[in-house]
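Data block below; observations after.
Numbered from 1 within each chain, the chains take letters A, B, ... in sequence-line order.
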Protein chains: 2
Amino acid sequence: MPKLWTETIDAHRAAVRDAALNAMAALVAERGLVALTMSQIAERAGVGRATLYKYFPDAQAVLTAWHERQITDHLDRLTAAADPAEPAVVRLRAALRAFAEIQHHSARHHGGELAALLHRGEHVDRARHRLREFVENLITEAARDGDVRDDVAAGELAGYCLHALTAAGTADSPDAVHRLVTVTLAGLSAPPPRP
Amino acid sequence: MPKLWTETIDAHRAAVRDAALNAMAALVAERGLVALTMSQIAERAGVGRATLYKYFPDAQAVLTAWHERQITDHLDRLTAAADPAEPAVVRLRAALRAFAEIQHHSARHHGGELAALLHRGEHVDRARHRLREFVENLITEAARDGDVRDDVAAGELAGYCLHALTAAGTADSPDAVHRLVTVTLAGLSAPPPRP
């Protein structure tokens, strides 16, 4: 098979896959998870039901694939938020702000039902691990610069940050999200020297 | 019906109910949620199956009742942790430490599966609201004393604390839990005056 042809097929496959995931997300947003069927997803995606079954065995698989795509996108955004030329603490602040904004946005758009169902499973564990490692590395670097407390291990501080920032899911406004980031970062500050 | 007799019946009912809830918790800890049946719960609780059905319509109802009992116990512990003679910031610290310890303990003993299933529903919303209000009031008082930052609303700070402290669920040790409480409280400190 000539290379061009393969590329076209690959692009087509990716397009069908994306259409299915978008359709799934739209349907869940409109109707909730209760009645999510393969027929509905296929119809909304504009592909035949038989075609959809070539890509996904069932609606749950579409949901999981969609969630994986979301997580990957989010991790990419977090990494992109940090300008490598800046000091670690500035990159950390940018990444944590991006994370908080994603939490805020996701909670408003996909709701608790979806989250409760999805925030489990192997793909989530992997993503969570990557995320935690990314934040942990920034904290380690910032602590070395003296910009973050070094009396608590970077891994523990990363866990603290990521949990604290999930409060953005219930924040009332973008301003409240920014205040949350400020407060969370204050927890990371080096403790003042005791008199 | 004489009063004593009623009291005996009430006590008996409470005992059966408690036995059922304890049995449920023991079974879940041993086997997970998958195969939780009314027969198993009845057997473990030492009551007949028919009796159990007089108290609970199904295993899910036992689970929900158990969770309600847990939450009430936890809220009582949090309230008790705060000595009313102490300043607000000391009571806040005690309550947050108790909350973090409960998170740590619960995650180790009941696991994520149970939590994901239970942390929804009306009874949880009510309890969460009470908890948040309790912490918010302590923060308001401590801010008035000048011990907690007043540039962010007490309600937002309460949300921050409670989310940050859920990280105790993944903490490695009681020491790590205490460090988490210290870091979280540092986020609440009044920001240093700008030069």
**Message:** Please tell me whether B:V177 and B:L131 are part of a single hydrophobic cluster in this structure, the criterion being side-chain heavy atoms less than 4.5 Å apart.
**Reply:**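 Per the 4.5 Å side-chain linkage, B:V177 and B:L131 are not co-clustered.
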Surrounding [atom1] of [X] (heavy atoms of other residues, nucleotides or ligands, distance under 6.0 Å), is the total greater than 12?
| X | atom1 | answer |
| --- | --- | --- |
| A:E141 | CD | yes |
| A:R69 | CZ | yes |
| B:R130 | CZ | no |

**Request:** Provide the closest heavy-atom pair for A:G159 versus B:A167 in the form atom of the first, atom of the second, distance.
**Result:**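 For A:G159 versus B:A167, the nearest heavy atoms are O-CB, 3.8 Å.
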**Message:** Out of B:A153, B:C161, B:A164, B:A168, return the one with the most heavy atom pairs under 4.5 angstrom to chain A.
**Reply:**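 Among B:A153, B:C161, B:A164, B:A168, the one with the most close pairs to chain A is B:A164.
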**Message:** Quick check on A:L157 against chain B: is it the side chain, the backbone, both or neither that has a heavy atom closer than 4.5 Å?
**Reply:**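 Just the side chain, heavy atoms under 4.5 Å.
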**Item:** Of all pairs that satisfy side chain to side chain donor-acceptor pair (under 3.5 Å), the ones with a partner from residues 155-169 of chain B, not counting sequence neighbours
**Value:**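 Applying side chain to side chain donor-acceptor pair (under 3.5 Å) to every pair that reaches into residues 155-169 of chain B, excluding sequence neighbours, yields A:Y160-B:Y160, A:R179-B:E156.
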**Request:** Let me know if B:L165 has heavy atoms under 4.5 Å from chain A in its side chain, its backbone, both or neither.
**Result:**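 Interface part for B:L165: neither.
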**Message:** Taking side chain as everything from C-beta outward and backbone as N, CA, C, O, which of these in B:T184 sits under 4.5 Å from a heavy atom of chain A? Side chain, backbone, both or neither.
**Reply:**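 Backbone plus side chain of B:T184, per the 4.5 Å heavy-atom cut-off to chain A.
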